[in-house]
Amino acid sequence: MPVDFSGTWNLISNDNFEGYMVALGIDFATRKIAKMLKPQKVIKQDGDSFYIHTTSTFRDYLLQFKIGEEFEEDNKGLDNRKCKSIVTWENDKLVCVQTGEKKNRGWTHWLEGDDLHLELRCENQVCKQVFKRA
Ligand code: VL7
């Protein structure tokens, strides 16, 4: 049985989000607002199909994908760059590789105790987020 990430999750910590945003080329004014946010994630996992809706008072981002199927990601409202993305299981971790203009771009989700963890990577920057069930 795979891990089930389904649920509603609230951000409780956000380490080096600033470095990650700088690596993505997000402008100063947007970063100032973005780093104050406490986003919520709603995840729906149905077999190989995932729905991950990240919401905040400023911007929302919806991602839907199937495990092992490459898709075009537009990152609309984030850095707005297009990339080719693919999400796979690595043991109990959900790993996304985002191939495009930015090197080493991707993210990994996993569960630790009652918490949802997310590592966001871009170039030489790693942002670490932790979420608790709402
Ligand atoms: C999504 C933000 C910084 C722009 C606004 C910040 C709004 C709320 O990709 C992500 O999650 C994956 C895994 O769960 C699913 O898509 C993280 C937030 C990354 C990057 C860009 C700052 C402006 C944050 C949407």
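Indexing begins at 1, ligand by ligand and atom by atom, following the structure's order.
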Atom indices of ligand 1 within 4.0 angstrom of K41 heavy atoms, with elements = 11 (O), 12 (C), 13 (C), 14 (O)
So which heavy atom in the protein is nearest atom 21 (C) of ligand 1, and how far is it from that ligand atom?
-> I26 CD1, 3.6 Å
What's the shortest distance from atom 6 (C) of ligand 1 to any protein heavy atom, and which residue and atom give it?
-> A34 CB, 3.8 Å
Closest non-hydrogen protein atom to atom 15 (C) of ligand 1, residue and atom name please, with distance?
-> L63 CD2, 3.7 Å
Using a 4.0 Å heavy-atom cut-off, say whether T55 meets ligand 1 through its side chain, its backbone, both or neither.
-> neither
Can K132 and D115 be counted as an ion pair, charged N to O under 4.0 angstrom?
-> yes
Is R31 near ligand 1, meaning one of its heavy atoms is under 4.0 Å from it?
-> no
Identified salt bridge (charged side-chain N to carboxylate O under 4.0 Å, His left out) counterpart of D79 within the set R105, K102, R31 | R105
Taking atom types as modelled, find out whether T30 and D27 have a side-chain donor-acceptor pair closer than 3.5 angstrom.
-> yes
For W107, counting its heavy atoms only, list the atoms of ligand 1 lying under 4.0 Å from any of them.
-> 12 (C), 13 (C)
Per-atom filter on ligand 1: closer than 4.0 angstrom to a heavy atom of R59 are 5 (C), 7 (C), 8 (C), 23 (C), 25 (C)
Give the residue, atom name and distance (to 0.1 Å) of the protein heavy atom nearest atom 1 (C) of ligand 1.
-> L78 CD1, 4.1 Å
What is the closest protein heavy atom to atom 13 (C) of ligand 1, and at what distance does it sit?
-> H109 NE2, 3.3 Å
